[in-house]
Amino acid sequence: MENRVKEIDYLKCIFIILMIIFHLVHIGDKYPYAKQIVYTFHMSAFLIISGYLANNRKDARSFLRKFLWIFIPYVCMEAAYTVMSHFLPVRESVAEITPAVLIDKIFLHPMGPYWYLHTLILCSLIYYITFRYVRLSVVSRLVVAGVCLFALSYCGGLMNFSNALYFLIGIIVSQSGLRFTQVFRGTPLAIVPFVILCCFPANLDRGTLAGVAITWLSISLLLAIYNYLSAQVRWLTFFIGRNTLVILLFSPIFTILSKAFLPVFAFDPTGMLFLVTATFFTLNGCIAMA
């Protein structure tokens, strides 16, 4: 645990909480522009962190064993989410449940938040194979990895290339030999360009240079805030940040159940009481299930 980068655990905590908040349909519908801003950077930043932390130094057996611990729960939860989407009145509805539909959703076109795990597995495999078995310079291997990710995105249609690009950015930062906090420096001044960029809807696309800039600035701004947190708050963010996988896996269960709170907080026009209660309920429910 002492070897963990605590600032990264803190960032993961913030981004997973933002994911929960804007997976609450009521909040997303009430604050659509805020949702658009958050969707520009929160999962993009997660992919940068994932690329930075990806480990290509393990032997093949250890690497595959590690990813089985991601792939198996991913398959279970994606299959359950697909089945649930057939029976419940959700936006991503599935007309029928057949083996072909399940195979398509698990291996090709995942639903819900599980696209992130699908992308993580594919990007990590490409990174591991390229940097473990291709005998070229680091720059050449980065190019090969980028070409492979592009092929999976545009030829295979297995992922969004802009998402893969953020993972590749994380790899580049890792291969540079610099610490994460040396590349992403916390500064309160990041709020100025961040706000300016977010004022224009055309910039709210993670697949554009403006989207990359917004992601970069969001990390810098959050790291600046980190310096002012108390020890107790930091400990809580570290704990949540260490458990983002289980929160990602189980959060759809609790965000759906949270709809039961809506009548209780109908008197609050802002939706903030519902937001706080549903987020607290979801975080604790996920940890309890884990």
Side-chain angles (χ1 to χ4, degrees), residues 12 15-30 32 35 38-39 42-44 46-47 50 64-125 152-153 156-160 162-164 167 206 240 243-264 274-275 277-290:
K12 289 166 65 182
F15 295 135
I16 202 70
I17 288 175
L18 288 173
M19 184 205 77
I20 291 171
I21 289 172
F22 287 99
H23 279 181
L24 298 168
V25 176
H26 179 68
I27 299 301
D29 290 344
K30 186 172 283 291
K35 178 179 178 178
V38 169
Y39 270 45
H42 75 318
M43 297 311 290
S44 304
F46 246 120
L47 286 164
S50 298
L64 292 174
R65 185 187 300 116
K66 174 189 173 182
F67 271 88
L68 274 178
W69 282 99
I70 297 177
F71 180 73
I72 292 173
Y74 159 73
V75 169
C76 294
M77 295 308 297
E78 176 61 31
Y81 189 90
T82 302
V83 172
M84 179 188 68
S85 299
H86 174 67
F87 294 101
L88 296 179
V90 296
R91 291 183 177 178
E92 291 182 293
S93 61
V94 175
E96 59 179 350
I97 300 297
T98 64
V101 168
L102 288 174
I103 290 172
D104 177 74
K105 297 304 180 186
I106 291 171
F107 293 100
L108 301 177
H109 307 107
M111 298 177 65
Y114 304 118
W115 68 264
Y116 166 79
L117 295 177
H118 182 264
T119 298
L120 173 64
I121 292 169
L122 290 176
C123 289
S124 297
L125 283 171
L152 286 178
S153 303
L158 295 179
M159 70 179 90
N160 187 314
S162 61
N163 294 330
F167 189 90
R206 73 180 70 166
I240 295 173
N243 290 281
T244 51
L245 176 59
V246 296
I247 294 171
L248 178 68
L249 285 170
F250 300 136
S251 61
I253 299 170
F254 296 97
T255 54
I256 291 173
L257 292 176
S258 295
K259 291 181 180 180
F261 300 141
L262 283 173
V264 178
F274 169 74
L275 183 154
T277 304
T279 302
F280 180 82
F281 172 69
T282 299
L283 286 172
N284 282 277
C286 292
I287 298 298
M289 283 195 71

Exercise. Okay, side chain of T255, backbone of P252: is any donor-acceptor separation there less than 3.5 Å?
Worked result: yes
Problem set entry | Parallel, tilted or perpendicular: rings of F281 and F261 (30°, 60°) | perpendicular
Problem set entry | Heavy-atom side-chain contact between M19 and Y116 under 4.5 Å | no
Exercise. Would you call F107 and L158 a side-chain contact if the rule is heavy atoms closer than 4.5 Å?
Worked result: no
Seminar exercise, completed: Here the gap from M159 atom CE to L122 atom CG, rounded to the nearest 0.5 Å, amounts to 4.5 Å
Exercise. Given side chains that start at C-beta, do those of H23 and T282 come closer than 4.5 Å, heavy atoms only?
Worked result: no
Problem set entry | Residue pair F167 / C123: nearest heavy atoms and the distance that separates them | CD2-CB, 3.4 Å
Exercise. How many angstroms lie between atom CD1 of I21 and atom CD1 of I27, to the nearest 0.5 angstrom?
Worked result: 8.0 Å
Problem set entry | Distance (rounded to the nearest 0.5 Å) between L249 CG and T244 OG1 | 9.5 Å
For this session: Please step through side chain to side chain contact (heavy atoms under 4.5 Å, CB included) for the pair L117 and L245, ending with a clear verdict.
Result: CA-CA 9 Å; L117 295 177; L245 176 59; 3.8 Å; yes
For this session: With side chain to side chain contact (heavy atoms under 4.5 Å, CB included) as the test, would you mind laying out the steps for L283 and I17 before giving the verdict?
Result: CA-CA 8 Å; L283 286 172; I17 288 175; 4.2 Å; yes
Problem set entry | Value rounded to 0.5 Å, distance of CG in D29 from CZ in F22 | 11.5 Å
For this session: Kindly compute the distance separating CD (E78) from OH (Y81), expressed to the nearest 0.5 Å.
Result: 8.5 Å
For this session: Show your working on side chain to side chain contact (heavy atoms under 4.5 Å, CB included) between M43 and F15 and close with a plain yes or no.
Result: CA-CA 7 Å; M43 297 311 290; F15 295 135; over 6 Å; no
Exercise. Roughly how far apart are L24 CG and K30 NZ, rounded to 0.5 Å?
Worked result: 13.0 Å
Exercise. Are the side chain of Y74 and the backbone N or O of I106 linked by a donor-acceptor pair below 3.5 Å?
Worked result: yes
Problem set entry | Closest approach of S251 to I20 (non-hydrogen atoms, all atoms of both residues) | CB-CG1, 4.4 Å
Exercise. Do the side chain of R206 and the main chain of N163 share a donor and acceptor less than 3.5 angstrom apart?
Worked result: no
For this session: Using modelled atom types only, decide if a donor and an acceptor are shared between the side chain of H42 and the backbone of I16 within a distance under 3.5 Å.
Result: no
Exercise. Once the angle between the rings of F274 and H26 is folded into 0 to 90°, is it parallel (under 30°), tilted (30 to 60°) or perpendicular (over 60°)?
Worked result: perpendicular
